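Reviewing the structure listed below.
Every value quoted in this text rests on a predicted model; they were computed, and no experiment measured them.
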Amino acid sequence: MTERYVSLAEVRAMLVPEGDKGGLCAAQRSALEHSQGVASISADDVRALTAEVRALSFMTDYTAYKIGDILPKYPEDVRAIFSKERVNLSADDIKQIIEIVGKYL
């Protein structure tokens, strides 16, 4: 078994068909409800967005998927995502991230 990051939109896309069949446990139903309430773009758009931000030299998979889930619109939001990372973002880096996210909103 391998592990990989998935966005909330991808969680929603995976669980909706199973939920329609009634085959979800309580934890999966909770995850589905959360993803439906929070994820505002499609799973395909999140995949494209995360691929685009992962191309930035300082980006990790974890932060790319956080950006895909949170969809930051302001520099403060981007700084909050990177607050625990050991990366010093320049104003241009932050602007780049916001511009990429803006394409998918």
Side-chain angles (χ1 to χ4, degrees):
M1 181 167 68
T2 61
E3 292 182 10
R4 67 181 178 98
Y5 292 108
V6 294
S7 67
L8 288 170
E10 291 171 306
V11 168
R12 181 183 60 209
M14 287 187 273
L15 293 179
V16 164
E18 294 301 317
D20 291 343
K21 296 177 193 174
L24 297 178
C25 70
Q28 291 168 324
R29 278 192 305 275
S30 177
L32 176 58
E33 288 172 15
H34 177 70
S35 66
Q36 288 174 325
V38 175
S40 59
I41 63 175
S42 72
D44 291 335
D45 284 346
V46 171
R47 283 186 207 103
L49 185 151
T50 55
E52 200 169 334
V53 295
R54 275 194 309 234
L56 302 173
S57 63
F58 54 87
M59 192 68 60
T60 65
D61 285 346
Y62 173 78
T63 52
Y65 277 95
K66 280 293 169 197
I67 288 168
D69 285 341
I70 296 171
L71 302 172
K73 297 176 189 158
Y74 305 103
E76 298 80 23
D77 298 336
V78 175
R79 285 189 202 97
I81 292 169
F82 282 89
S83 65
K84 292 186 179 182
E85 302 294 317
R86 294 180 182 238
V87 176
N88 291 325
L89 294 178
S90 69
D92 288 338
D93 294 337
I94 293 170
K95 183 179 176 187
Q96 248 185 321
I97 292 168
I98 292 172
E99 286 173 358
I100 292 170
V101 170
K103 293 180 197 176
Y104 297 93
L105 294 178

(request) Using a 4.5 Å cut-off on heavy atoms from C-beta on, say whether the side chain of R54 contacts that of D61. (result) yes
(request) Verify, without hydrogens or angle tests, whether E33 (side chain) and S30 (backbone) share a donor-acceptor contact under 3.5 angstrom. (result) no
(message) Counting only heavy atoms from other residues, nucleotides and ligands, does the tally under 6.0 Å from CG of N88 exceed 12?
(response) no
(request) Would you indicate whether K103, at its atom NZ, is surrounded by more than 12 heavy atoms from other residues, nucleotides or ligands within a distance under 6.0 Å? (result) yes
(message) Under 4.5 Å between side-chain heavy atoms, counting indirect links through other Ile/Leu/Val/Met/Phe/Trp/Tyr residues: same cluster for L89 and I70 or not?
(response) yes
(request) Look at the side-chain heavy atoms of Ile, Leu, Val, Met, Phe, Trp and Tyr, link any pair under 4.5 Å apart, and say whether I67 and L105 land in one connected group. (result) yes
(message) Between Y5 and D69, is there a side-chain heavy-atom distance shorter than 4.5 Å?
(response) no
(message) Give me the atom names and distance for the closest heavy-atom approach of T50 to A64.
(response) CG2-O, 3.3 Å
(message) Run the side-chain contact (heavy atoms from CB on, under 4.5 Å) test on L56 and I100 for me, step by step, so that the C-alpha distance in whole Å, both residues' side-chain angles and the decisive distance to 0.1 Å come before the verdict.
(response) CA-CA 11 Å; L56 302 173; I100 292 170; 4.3 Å; yes
(request) Find the distance between CD1 (I97) and CD (E52) and round it off to the nearest 0.5 Å. (result) 11.5 Å
(message) Taking I98 as the starting point, is it possible to reach V87 by hopping between hydrophobic residues whose side chains are less than 4.5 Å apart?
(response) yes
(request) Give the minimum heavy-atom separation between A43 and R12, together with the two atoms involved. (result) N-NH2, 4.5 Å
(request) Could you grab the distance from atom OH of Y65 to atom CG of L49, nearest 0.5 Å is fine? (result) 10.5 Å
(request) Let me see the working for F82 and M59 under side-chain contact (heavy atoms from CB on, under 4.5 Å), right down to the final yes or no. (result) CA-CA 10 Å; F82 282 89; M59 192 68 60; 3.8 Å; yes
(request) Please confirm whether the backbone N or O of L24 pairs with a side-chain atom of R29, one donor and one acceptor, at under 3.5 Å? (result) yes
(message) R47: which residues meet the side-chain hydrogen bond (donor to acceptor under 3.5 Å, both in side chains) condition with it, sequence neighbours left out?
(response) E10, D44
(request) Decide whether V38 and V16 are clustered together by the hydrophobic rule: side chain heavy atoms of Ile, Leu, Val, Met, Phe, Trp, Tyr closer than 4.5 Å, transitively. (result) no
(message) Within this structure, what is the NZ-CG distance for the pair K95 and D93, rounded to the nearest 0.5 Å?
(response) 12.0 Å
(request) Measure across V46 and G68 and return the closest heavy-atom pair with its distance rounded to 0.1 Å. (result) CG2-O, 4.1 Å
(request) Let me see the working for V11 and L32 under side-chain contact (heavy atoms from CB on, under 4.5 Å), right down to the final yes or no. (result) CA-CA 7 Å; V11 168; L32 176 58; over 6 Å; no
(request) For the residue pair I81 and P72, establish whether any side-chain heavy-atom pair is separated by less than 4.5 Å. (result) yes
(message) Nearest 0.5 angstrom please: T60 OG1 to E85 CD, how far?
(response) 5.0 Å
(message) Looking at every heavy atom in both L71 and S40, which two are closest together, and how far apart are they?
(response) CD1-OG, 3.4 Å
